[in-house]
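These notes concern the structure reproduced below.
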Amino acid sequence: MAVGVLVADQVTKAIALAGLTPGVNVPVLGEAFGLLLVFNSGAAFSFATGSTWVFTIVAVVVAVVIVRISRRLGSRGWAIALGALLGGNVGNLADRLFREPGFGRGHVVDFLNYNGWFVGNVADIAIVLGAAGMALLAFLGIGVDGSRHHAPQEQDAEGGGDHEDPATGAAEDPDSQPERTDDASTAGAEPDPAG
């Protein structure tokens, strides 16, 4: 997933560089969406421009964290989400490392113009979708290793209401009744004349 996103990002950036004039918008869906080649020194969608070194360092840290987390992967959903996030992160990191004006300070190539609100690229789309996927998986209680986490109320319902005896630590069955050790059950019975 990460490699696919990275390749798609770099190929589309190369096409944009070859076919678009910087600063000239090419309408695709009227004013709602177009192609506009810009060089971004900030974060995704042109936020916080002028902080290139900061975002380069953050991107390296994010990539390392994702790779470390990937060792515990046991969920296809998390693999896709983390792969998208890693691919998008590395796509923009490659621009910062190897494009002008210099190593670690390179400007990210953006060309997808969203109604003039912001301009992004394929890496940005992957980052947003990956983050959204991670949030959804966390909300559903699906762990990175594939385990499912439930709320305490759900665990009680699934456990059949068994409770632990504080004295012994053993699980008690609420439907079972303790054995009677006294003769209270026969207290009102007639005595056996033969006995």
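Quantities reported herein were computed from a predicted structural model and do not represent experimental measurements. Residue numbers run from 1 in the order of the sequence given. FYI, side chains are in, hydrogens and waters are out, and symmetry mates aren't considered; it's all heavy atoms of this structure.
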(message) Under the criterion side-chain contact (heavy atoms from CB on, under 4.5 Å), I'd like the reasoning laid out for Thr21 against Leu37: C-alpha separation, chi angles, the key distance, then a yes or no.
(response) CA-CA 6 Å; Thr21 301; Leu37 180 61; over 6 Å; no
(request) Test Val60 against Leu93 for side-chain contact (heavy atoms from CB on, under 4.5 Å), laying out the working first. (result) CA-CA 7 Å; Val60 170; Leu93 176 60; 4.0 Å; yes
(request) Before giving the answer on side-chain contact (heavy atoms from CB on, under 4.5 Å), spell out for Leu73 and Val144 the whole-Å C-alpha distance, their side-chain angles and the decisive distance to 0.1 Å. (result) CA-CA 5 Å; Leu73 274 175; Val144 173; 3.8 Å; yes
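For residues 59-88, no pair satisfies ring pair (Phe, Tyr, Trp, His ring centres under 6.0 Å), with sequence neighbours left out. Sequence neighbours left out, the pairs with a member in residues 12-30 that pass salt bridge (Lys or Arg N to Asp or Glu O under 4.0 Å) are Asp9-Lys13, Lys13-Asp95. Within the structure, the ring pair (Phe, Tyr, Trp, His ring centres under 6.0 Å) test picks out no pair touching residues 11-30 (sequence neighbours left out).
In terms of the side-chain hydrogen bond (donor to acceptor under 3.5 Å, both in side chains) criterion, residue partners of Asn25 (sequence neighbours excluded) are, by chain and number, Asn113. By the side-chain contact (heavy atoms from CB on, under 4.5 Å) test, Arg68 pairs with Val64, Arg71, sequence neighbours left out. Applying the side-chain hydrogen bond (donor to acceptor under 3.5 Å, both in side chains) test to Asn89 and every residue at least two apart in sequence or in another chain returns nothing.
In this structure, the separation between CD on Glu100 and CZ on Phe39 is 10.0 Å, given to the nearest 0.5 Å. The CZ atom of Arg96 sits 7.0 Å away from atom CG of Asn40, with the distance rounded to the nearest 0.5 Å.
Minimum heavy-atom separation, Gly91 to Gln10: O-NE2, 3.1 Å. Contact record, Met134 with Ala81: CG-CB, 3.8 Å, taken as the closest heavy-atom pair. In terms of heavy atoms, Leu36 sits closest to Gly23 at CD1-C, 3.3 Å. Across Gly88 and Val5, no two heavy atoms sit closer than the pair N-CG1, 3.4 Å. Minimum heavy-atom separation, Ile142 to Ser75: CG2-OG, 3.9 Å. Contact between Tyr114 and Gly120 at its shortest, heavy atoms only, is CE1-N, 4.2 Å.
Criterion: ILVMFWY side-chain heavy atoms under 4.5 Å apart, direct or through other members. Under it, Phe98 and Leu17 are not part of a common hydrophobic cluster. Residues Val3 and Val67 do not share a hydrophobic cluster, clusters being chains of Ile/Leu/Val/Met/Phe/Trp/Tyr side chains in contact below 4.5 Å. Following chains of ILVMFWY side-chain contacts shorter than 4.5 Å, one can reach Ile127 starting from Val65, so the two form part of one hydrophobic cluster. Hydrophobic cluster membership is shared by Val26 and Phe118, with clusters built from Ile, Leu, Val, Met, Phe, Trp and Tyr side chains linked at under 4.5 angstrom. Under the 4.5 Å side-chain contact rule for hydrophobic residues, Val122 and Ile80 do not share a cluster.
Taking the side chain as every heavy atom from C-beta outward, Thr12 and Asn121 never approach each other to under 4.5 Å. At least one side-chain heavy atom of Leu112 sits under 4.5 Å from a side-chain heavy atom of Phe33. Here the side chains of Asp124 and Asp110 are in contact, with some heavy-atom distance below 4.5 Å. Counting heavy atoms from C-beta on, the side chains of Leu20 and Phe111 come closer than 4.5 Å.
In this structure, Asp145 contributes its side chain and Ser147 its backbone to a donor-acceptor pair below 3.5 Å.
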